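Worth saying up front: this structure is predicted, and the values here are computed from it rather than measured. Residues take their numbers from the sequence shown, with the count starting at 1.
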Amino acid sequence: MLEIVELLKERNIALASLEDMTDTSSAADELVFHVFRAITQFERYLIAERTRDGIAAARAEGKKPGGPGLDREKLQAALTLVGSGMSPTKVARQVGLGRSTVYRELAAITEGGPEIDRPFSVQSCRDSHAIPK
């Protein structure tokens with residue numbers, strides 16, 4: 001935003017905001033604009049700092065930040081259905097996983113990803129067009 005204000009100033013154009021009644025046509029108003037921008041930037045830095053501190057404190061207590069991990073039972077059910085020939089999109093909807101999660105896990109299997117019980121072979125999925133060749 002500051003770059004836009006500077007560009008407009010070079011062309012002798014003042015910026016007037018109707019929402020917060022800011023006008024850059026006078027030196028005093030331009031100062032107020034810059035002060036508000038500095039405060040906003042400061043608030044962003046504080047939020048980022050507090051977030052980092054909160055994550056560090058949680059890790060120190062042995063907690064892991066982030067959402068719950070992938071439900072292995074749902075994944076197993078999804079892989080079974082894909083192995084039986086159902087499309088990954090329909091499987092994702094039925095099992096309650098994200099479509100991208102199903103495709104990512106299928107790709108991990110074809111690339112030798114983590115070992116899980118596979119009720120099918122990678123070749124059978126390829127034959128059913130569930131995994132691109």
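- Rounded to the nearest 0.5 Å, atoms OG (S87) and CZ (R99) are 9.5 Å apart.
- For the residue pair E49 and Y45, no side-chain donor N or O sits within less than 3.5 Å of a side-chain acceptor on the partner.
- Residues V82 and M86 have side chains not in contact (no heavy-atom distance under 4.5 Å, counting atoms from C-beta outward).
- For V102 against P88, the heavy-atom pair with the smallest separation is CG1-CB, 3.8 Å.
- The distance from the CD atom of Q94 to the OG1 atom of T89 is 12.5 Å, given to the nearest 0.5 Å.
- Counting heavy atoms from C-beta outward, R59 and P65 have side chains that approach closer than 4.5 Å.
- In this structure, F36 CZ and L31 CG are separated by 10.0 Å, a value rounded to the nearest 0.5 Å.
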For side chain to side chain contact (heavy atoms under 4.5 Å, CB included), just list the numbers for L79 and L75, CA-CA rounded to whole Å, side-chain angles, deciding distance to a tenth of an Å, and then say yes or no.
CA-CA 6 Å; L79 295 176; L75 176 60; 4.0 Å; yes

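- In this structure, the separation between NE2 on H34 and CD1 on I39 is 13.5 Å, given to the nearest 0.5 Å.
- Nearest approach of E105 to L70, heavy atoms of both residues: OE2-CD2, 3.6 Å.
- Interatomic distance, OG1 of T101 versus NZ of K74, reported as 10.5 Å (0.5 Å rounding).
- Rounding to the nearest 0.5 Å gives a distance of 10.5 Å between CG of D53 and CG of L46.
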